[in-house]
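This report concerns only the one structure given below.
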Amino acid sequence: MVDLGFVAFPVRHPSLEIRVWRKDAMVLICPPQHPLLKQRSVRLRDLVGQKFIAFTPDIPTRLATDTLLKKQGVDISIVMELDNIETVKRAVEIGAGIAIVPRSTVLQEVDQQTLAEIELSDVEFIRPVAVIYKRNKVLSPVLKLFLAMLG
């Protein structure tokens with residue numbers, strides 16, 4: 001019953017229109033005192049042996065992360081599975097582990113130094129975020145204008 005939605009890693013479907021809104025770089029986050037911060041960047045294999053906080057298995061960002069890690073042959077040690085970015089960030093802040101999240105979601109915490117961001121040097125990991133709506137939906141003038149602004 002909604003007019004449109006925002007989704008990460010959109011999946012094509014015949015009844016949906018998909019318009020990419022933005023592409024977020026995925027970054028590794030950790031507490032500001034974490035030993036990995038001695039490095040300017042890390043490789044995925046540097047995550048082996050680290051306590052890792054992941055999204056729950058049904059979340060598209062988790063599926064993409066798992067696929068990337070598997071493709072690179074990296075086996076991580078998941079200590080927590082959480083269902084949203086805010087709880088993942090809070091768990092990392094208290095030192096429960098490290099995580100991979102979209103850069104745009106941690107700008108404030110990095111600026112306030114409650115979290116630190118480390119670039120992944122051996123992969124480009126991008127999370128597409130799209131606007132979706134029903135293909136045959138009659139759009140209001142405001143929605144048409146919004147979609148036109150997306151390009």
Is a salt bridge present between [X] and [Y], judged by a nitrogen-to-oxygen distance below 4.0 Å?
| X | Y | value |
| --- | --- | --- |
| Glu109 | Arg90 | yes |
| Glu93 | Lys89 | no |
| Asp66 | Lys70 | no |

[Y] and [X], any side-chain heavy atoms less than 4.5 Å apart:
| X | Y | result |
| --- | --- | --- |
| Ile98 | His34 | yes |
| Phe55 | Leu82 | no |
| Arg22 | Asp24 | yes |
| Leu145 | Val142 | no |
| Ile53 | Thr87 | no |
| Pro57 | Glu81 | yes |
| Ile132 | Phe6 | no |
| Gln50 | Ile76 | no |

### Query
So among Leu139, Asp3, Leu143, Leu16, which one has a side-chain contact (heavy atoms from CB on, under 4.5 Å) with Tyr133?
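Checked Leu139, Asp3, Leu143, Leu16 against Tyr133; only one passes side-chain contact (heavy atoms from CB on, under 4.5 Å): Leu139.
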
If I take atom [atom1] from residue [X] and atom [atom2] from residue [Y], how far apart are they, to the nearest 0.5 angstrom?
| X | Y | atom1 | atom2 | value |
| --- | --- | --- | --- | --- |
| Phe52 | Leu47 | CZ | CG | 6.5 Å |
| Arg62 | Thr65 | CZ | OG1 | 8.0 Å |
| Leu63 | Phe9 | CG | CZ | 9.0 Å |

### Task
Would you confirm whether Arg103, through its side chain, and Met26, through its main-chain N or O, come within 3.5 Å as a donor-acceptor pair?
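Side chain of Arg103 to backbone of Met26, a donor-acceptor pair under 3.5 Å: no, none is there.
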
### Task
Ignoring hydrogens and angles, tell me if any N or O in the side chain of Arg127 forms a donor-acceptor pair with the backbone of Thr61 under 3.5 Å.
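Not confirmed, Arg127 side chain does not pair with Thr61 backbone.
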
### Task
For Glu17 and Lys137, run salt bridge (Lys or Arg N to Asp or Glu O under 4.0 Å): C-alpha distance rounded to whole Å, both residues' side-chain angles, the deciding distance at 0.1 Å, then the answer.
CA-CA 10 Å; Glu17 289 286 339; Lys137 175 93 173 153; over 6 Å; no

Non-hydrogen atoms of [X] and [Y] that approach each other most closely:
| X | Y | value |
| --- | --- | --- |
| Val11 | Ile18 | O-CD1, 3.5 Å |
| Pro32 | Thr114 | CD-O, 3.5 Å |
| Ala91 | Met80 | CB-SD, 3.9 Å |
| Pro31 | Ala116 | O-CB, 4.3 Å |

May I ask you to check whether over 12 heavy atoms, not counting those of [X], lie within 6.0 Å of atom [atom1]?
| X | atom1 | value |
| --- | --- | --- |
| Asn84 | CG | yes |
| Asp75 | CG | no |
| Arg135 | CZ | yes |
| Gln112 | CD | yes |
| Glu124 | CD | no |

### Message
I'd like to know if the side chain of Thr56 pairs up with that of Asp83 as donor and acceptor (distance under 3.5 Å, no hydrogens or angles considered).
### Response
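Absent: no donor and acceptor within the cut-off.
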
Verify same cluster id: [X], [Y] (apolar side-chain graph, 4.5 Å):
| X | Y | answer |
| --- | --- | --- |
| Leu69 | Ile118 | yes |
| Leu44 | Leu28 | yes |
| Leu107 | Val92 | no |

